[in-house]
Amino acid sequence: MDVLELKDVRYVYQTKYQKKEALKGISGIFETGKLYAVVGRSGSGKTTLLSLMAGLDLPTSGDVICEGVSTARMDLAKYRRENAAVIYQSFRLIPLLTVAENIMYPMELMGMKAKQARKQARELAQKVNLPEELLDRFPTMLSGGEQQRVAIARALGMNTKLLLADEPTGNLDTQNSSLIFELLQELAHEMDYCVIVVTHDMELASKADQIIELQDGRVVEDDPEGGNGRDNG
């Protein structure tokens with residue numbers, strides 16, 4: 001199922017002194033059940049593209065379309081709460097909340113009762129292979145790999161099929177990086193999420209179903225079957 005579509009997406013940064021076109025006409029379709037890797041050198045437009053897909057801003061022109069509706073026609077704050085779950089390199093866990101409370105946080109924001117949120121947090125922790133004994137610990141008591149699993153569980157609690165990950169393995173060692181990437185693959189292939197990962201790690205990216213390589217705001221090559229990027233499936 002198509003969950004996200006980009007139609008000729010362009011983005012221009014305008015300052016008092018200069019104008020920079022960060023994205024120059026990006027188009028593509030993203031489906032559930034697939035893991036996509038967005039790669040490219042620093043300054044290629046990866047972060048800008050992810051921020052538009054996450055609803056942090058609107059394109060200068062073109063459309064980001066989620067489940068048939070352009071983000072330009074949505075309340076972006078609501079879109080970020082209900083449609084696009086983001087996993088960050090720095091985890092962004094709340095240090096004064098326990099692991100369980102961190103996972104529960106977005107669910108409670110959406111009005112779920114604490115008892116139900118706690119039950120769901122336990123189930124999500126199992127889903128990301130996080131031992132139950134860690135639920136009452138604080139984030140600083142966990143390893144980097146464990147903290148990233150908490151961040152992924154929290155994102156899953158938002159109950160959206162679109163997961164966006166910004167360098168999710170950037171702060172992890174090689175072993176934990178591979179484990180987290182395998183978990184993201186599992187979420188796509190076995191649980192039918194649409195997972196889009198921005199990464200500089202080409203070895204990990206090569207395991208994605210499709211690679212979208214950006215250079216100077218453009219996709220380097222087009223998938224012959226209609227999508228953008230290189231299809232590894």
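Note that the numbering runs from 1 along the sequence shown for the chain. Basis for what follows: all heavy atoms, side chains included, without hydrogens, waters or symmetry-related copies.
In this structure, L76 CG and R81 CZ are separated by 11.0 Å, a value rounded to the nearest 0.5 Å. Interatomic distance, M202 CE to E213 CD, rounded to the nearest 0.5 Å: 6.0 Å. The CG atom of D209 sits 7.5 Å away from the CD atom of Q185 when rounded to the nearest 0.5 Å. To the nearest 0.5 Å, atoms NZ (K161) and SG (C66) are separated by 13.5 Å. We find the CE-CD1 distance between M53 and I26 to be 10.0 Å, quoted to the nearest 0.5 Å. Atom CD in E146 sits 11.5 Å away from atom CG in L93 (nearest 0.5 Å).
Contact of the S177 side chain with the L204 side chain is registered, since non-hydrogen atoms from C-beta on lie closer than 4.5 Å. The shortest distance between side-chain heavy atoms of N176 and Q148 does not fall below 4.5 Å. Looking at V198 and V39, their side chains never come closer than 4.5 Å, going by heavy atoms from C-beta outward. Side-chain atoms of V150 and L130, non-hydrogen and from C-beta on, do get closer than 4.5 Å to each other. Using a 4.5 Å heavy-atom cutoff, the side chains of I180 and L172 are in contact. The shortest distance between side-chain heavy atoms of R118 and K115 does not fall below 4.5 Å.
Closest heavy-atom contact between E31 and Y36: N-OH, 2.8 Å. Closest heavy-atom contact between T48 and A22: OG1-CB, 4.1 Å. Of all non-hydrogen atoms in V219 and I212, the two that sit nearest each other are CG2-CG2, 4.1 Å. Residue T199 comes nearest to A205 through the heavy atom pair CG2-CB, 4.0 Å, listed as atom of the first residue, atom of the second, then distance. In this structure, L23 and V9 approach most closely via the heavy-atom pair CB-O, 3.9 Å. G33 approaches H189 most closely through the heavy-atom pair O-CD2, 3.4 Å.
In D57, the CG atom is crowded: over 12 heavy atoms of neighbouring residues, nucleotides or ligands sit closer than 6.0 Å. Within a 6.0 Å sphere centred on CD of E123, heavy atoms belonging to other residues, nucleotides or ligands number more than 12. More than 12 non-hydrogen atoms from other residues, nucleotides or ligands lie less than 6.0 angstrom from CD of Q14.
Both L135 and L183 belong to a single network of hydrophobic side chains, linked directly or stepwise wherever heavy atoms of I, L, V, M, F, W or Y lie under 4.5 Å apart. Two different hydrophobic clusters hold I29 and V195 under the rule that ILVMFWY side chains link at heavy-atom gaps under 4.5 Å. Under the 4.5 Å side-chain contact rule for hydrophobic residues, M158 and L97 do not share a cluster. Hydrophobic clustering (ILVMFWY, side-chain heavy atoms < 4.5 Å, transitive): L6 and Y79 are in one cluster. Linking ILVMFWY side-chain heavy atoms closer than 4.5 Å, directly or via other members, places L4 and L163 in two distinct hydrophobic clusters.
At least one donor-acceptor pair under 3.5 Å links the side chain of E167 to the backbone N or O of H200. Counting only distance, with no hydrogens or angles, the side chain of E5 and the backbone of S70 share no donor-acceptor pair below 3.5 Å. Between the side chain of Q215 and the backbone N or O of S44, no donor-acceptor pair lies under 3.5 Å. Using a distance-only test at 3.5 Å, with no hydrogens or angles considered, no donor-acceptor pair links the side chain of E182 to the main chain of L179. Between the side chain of T160 and the main chain of N83, a donor-acceptor pair closer than 3.5 Å is present. In this structure, the side chain of D201 engages the main chain of E203 through a donor-acceptor pair within 3.5 Å. Within the 3.5 Å criterion, the main-chain N or O of G62 finds no donor-acceptor partner in the side chain of K7.
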Kindly determine whether L50 and V38 satisfy side-chain contact (heavy atoms from CB on, under 4.5 Å), including the steps that lead there.
CA-CA 9 Å; L50 189 81; V38 180; over 6 Å; no
Mind running side-chain contact (heavy atoms from CB on, under 4.5 Å) on L156 and Y193 for me, showing each step along the way?
CA-CA 10 Å; L156 297 182; Y193 285 89; 3.5 Å; yes
Quick one: do S61 and Y11 satisfy side chain to side chain donor-acceptor pair (under 3.5 Å)? Show the steps, please.
CA-CA 7 Å; S61 65; Y11 191 84; over 6 Å; no
Verdict with supporting geometry, Q120 and M107, side-chain contact (heavy atoms from CB on, under 4.5 Å)
CA-CA 9 Å; Q120 196 160 325; M107 294 184 268; 3.7 Å; yes
Can V197 and F181 be said to form a side-chain contact (heavy atoms from CB on, under 4.5 Å), step by step?
CA-CA 9 Å; V197 180; F181 210 83; 4.2 Å; yes
Using side chain to side chain donor-acceptor pair (under 3.5 Å), reason through D166 and Q89 one step at a time and then give a plain yes or no.
CA-CA 6 Å; D166 186 12; Q89 174 181 344; over 6 Å; no
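In this structure, K20 fails the cation-pi test against Y13, since its NZ or CZ atom is not both closer than 6.0 Å to the six-membered ring centre and inside 45 degrees of the ring normal.
With sequence neighbours left out, the ring pair (Phe, Tyr, Trp, His ring centres under 6.0 Å) criterion links Y105 to no other residue.
A side chain to side chain contact (heavy atoms under 4.5 Å, CB included) with I196 holds for exactly one of L164, L184, V3; it is L164. With T71 as the fixed residue, the side chain to side chain contact (heavy atoms under 4.5 Å, CB included) test singles out one of D63, I65, L58: L58. Shown are V99, N102, V128, I87; of these, the side chain to side chain contact (heavy atoms under 4.5 Å, CB included) with R154 is made only by N102.
Between D216 and K24 a salt bridge is recorded (basic side-chain N to carboxylate O distance below 4.0 Å).
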